[in-house]
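What follows is one structure encoded as structure tokens, with my remarks underneath.
Sequential numbering from 1 along the given sequence is applied to the chain's residues. The model shown is predicted, which means the values in this text are computed figures rather than measured ones.
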Amino acid sequence: MTRPVAERLSRSFFRRSSVIVARELIGCYLVRELKNGTRLVVRIVETEAYVGDGTDPASHAHNGETPRNRVMFGPPGHLYVYRSYGVHFCANIVCGDRPPQAVLLRAAEPVEGTWIMRRNRGVERDAPPASILRGPGNFCKGLGITLVDNGASVLSGPFSLHGPRKDDAPFEVGVSSRIGISKAVEHPYRFFVLDNVHVSGPRKNGARGRASRKERRNG
């Protein structure tokens with residue numbers, strides 16, 4: 001028997017700064033409903049924020065709108081998917097209104113449909129769950145996300161995002177500079193569950209302090 005997830009996050013959740021959304025997505029659940037009725041569920045454990053206000057040259061929106069990044073300039077609550085270095089796909093959630101902003105989904109913990117994620121990744125059946133969705137390329141491959149999904153809504157349709165479950169164990173969120181980029185590396189825009197084996201990069205704090213999810217829930 002599968003555990004229910006919380007209500008689908010609304011557009012107002014995404015109509016905020018990507019830095020806020022990136023932090024608040026930690027511990028949330030991404031659900032993908034497949035055409036055969038199977039449900040893939042993952043718990044987000046690592047994100048990065050990107051902004052397009054002129055202060056973040058690492059953002060795809062930094063130099064203006066192009067056919068590739070056009071989804072970032074649209075309404076919040078949609079997937080922005082791109083191919084990285086011609087090799088793998090990366091999935092982002094568009095947020096804010098203006099300037100264009102997005103949150104990169106870097107890593108997640110498989111919850112339901114793990115065998116399908118293993119198959120999509122082409123790994124052995126006994127491969128440890130921590131290796132399946134670690135890193136943005138593996139995240140997309142495990143969930144079957146490609147350029148076909150660019151622009152897909154997470155407010156309706158097969159993709160949806162949900163808040164943490166009430167019975168989830170409290171955890172602490174680490175903050176660091178972003179990884180895998182060469183520009184604007186000083187921005188502390190990477191968020192992750194501290195000491196979580198599913199996280200793709202360093203699992204300790206980097207740039208700033210930490211706050212527990214439980215503390216933030218209580219305001």
request  = Check the hydrophobic clustering (I, L, V, M, F, W, Y; side-chain heavy atoms under 4.5 Å; chains of links allowed) and say if L40 and L9 are grouped together.
outcome  = yes
request  = Taking the side chain as every heavy atom from C-beta outward, state whether R32 and I145 have any atom pair closer than 4.5 Å.
outcome  = yes
task = Measure the shortest side-chain to side-chain distance between I116 and L34 over non-hydrogen atoms and say whether it is less than 4.5 angstrom.
result = yes
task = Heavy atoms only: give me the nearest P110-M117 pair and the separation to one decimal.
result = CB-SD, 3.8 Å
key: Test item: N69 side-chain N/O and G64 main-chain N/O as donor-acceptor pair under 3.5 Å   = yes
Contacts of type side-chain contact (heavy atoms from CB on, under 4.5 Å), residue I20, not counting sequence neighbours = R16, S17, E24
inquiry  = Taking side-chain hydrogen bond (donor to acceptor under 3.5 Å, both in side chains) as the definition, give me every residue that meets it alongside H62, ordered by chain and number, with sequence neighbours left out.
reply    = none
ask   = Between NE2 of H78 and CG of L155, what distance do you get to the nearest 0.5 Å?
value = 6.0 Å
inquiry  = Rounded at 0.5 Å granularity, tell me how far OG1 in T47 sits from CZ in R23.
reply    = 9.5 Å
note = Quick note, ring pair (Phe, Tyr, Trp, His ring centres under 6.0 Å) partners involving residues 86-115, not counting sequence neighbours, are none
ask   = Between E172 and N196, is any pair of side-chain heavy atoms under 4.5 Å apart?
value = no
remark   = In short, A107 meets G135 closest at the heavy-atom pair CB-N, 4.0 Å
request  = Establish whether I179 and L25 are linked, either directly or via other cluster members, by ILVMFWY side-chain heavy-atom contacts under 4.5 Å.
outcome  = no
ask   = Is the NZ or CZ atom of R190 positioned over F192's six-membered ring, under 6.0 angstrom from the centre and within 45° of the axis?
value = yes
task = Mind listing the closest non-hydrogen atom pair of K183 and A58 along with its distance?
result = O-CB, 3.5 Å
Note, R118 side chain near N120 side chain (heavy atom, < 4.5 Å) = no
note = Residues at least two apart in sequence or cross-chain that pass side-chain hydrogen bond (donor to acceptor under 3.5 Å, both in side chains) with S200, listed by chain then number, are E46, R106
Side-chain touch C140/T146, heavy atoms, less than 4.5 angstrom = no
task = Not counting sequence neighbours, which residues clear side-chain hydrogen bond (donor to acceptor under 3.5 Å, both in side chains) with E65? List them please.
result = R70
message = Does anything in residues 123-145 form a salt bridge (charged side-chain N to carboxylate O under 4.0 Å, His left out)? List the pairs, not counting sequence neighbours.
response = none
ask   = Does P128 have any side-chain contact (heavy atoms from CB on, under 4.5 Å) partners at least two apart in sequence or in another chain, and if so, which?
value = S131
query = Looking only at heavy atoms, what is the nearest atom pair of R121 and I132, with distance?
reply = NH1-O, 2.8 Å
ask   = Side chain of H162, backbone of A6: donor and acceptor closer than 3.5 Å?
value = yes
query = Atom CZ in R43, atom CD in E109: separation rounded to 0.5 Å?
reply = 5.5 Å
query = What is the minimum heavy-atom distance between A130 and H198, and which atoms define it?
reply = CA-ND1, 3.4 Å
query = With a 4.5 Å heavy-atom cut-off, do C28 and P164 have their side chains touching?
reply = yes
inquiry  = Is any side-chain heavy atom of L104 closer than 4.5 Å to one of N92?
reply    = yes
message = Using 0.5 Å steps for rounding, measure from the CE atom of M72 to the OG1 atom of T66.
response = 10.0 Å
message = Using the rule that Ile, Leu, Val, Met, Phe, Trp and Tyr join whenever any side-chain heavy atoms are under 4.5 Å apart, tell me whether V193 and F191 fall into a single cluster.
response = yes
task = For side-chain contact (heavy atoms from CB on, under 4.5 Å), just list the numbers for V175 and Y189, CA-CA rounded to whole Å, side-chain angles, deciding distance to a tenth of an Å, and then say yes or no.
result = CA-CA 7 Å; V175 184; Y189 291 168; over 6 Å; no
query = For H60, what residues pass the ring-ring contact (aromatic ring centres under 6.0 Å, His included) criterion, not counting sequence neighbours?
reply = Y80, Y82
task = Determine whether V103 and V71 fall in the same hydrophobic cluster, where Ile, Leu, Val, Met, Phe, Trp and Tyr are linked whenever their side-chain heavy atoms lie under 4.5 Å apart.
result = no
query = So if you build clusters from Ile, Leu, Val, Met, Phe, Trp, Tyr with side-chain heavy-atom gaps below 4.5 Å, do V5 and L30 land together?
reply = no
ask   = Which residues satisfy the side-chain contact (heavy atoms from CB on, under 4.5 Å) test with L79, sequence neighbours excluded?
value = V81, I93, D149, A152, V154, F159
ask   = N150 side chain to L147 main-chain N or O, any donor-acceptor pair under 3.5 Å?
value = no
query = S59 side chain to Y50 main-chain N or O, any donor-acceptor pair under 3.5 Å?
reply = no
key: salt bridge (charged side-chain N to carboxylate O under 4.0 Å, His left out) pairs, two or more places apart, involving residues 50-64   = D56-R178
inquiry  = List the residues meeting side-chain contact (heavy atoms from CB on, under 4.5 Å) with A108, not counting sequence neighbours, and say none if there are none.
reply    = V42, L133, F139
query = Under 4.5 Å between any side-chain heavy atoms of C95 and S18, yes or no?
reply = yes
request  = Can you sort out the partners of S12 under side-chain hydrogen bond (donor to acceptor under 3.5 Å, both in side chains), two or more places apart, ordered by chain and number?
outcome  = S10
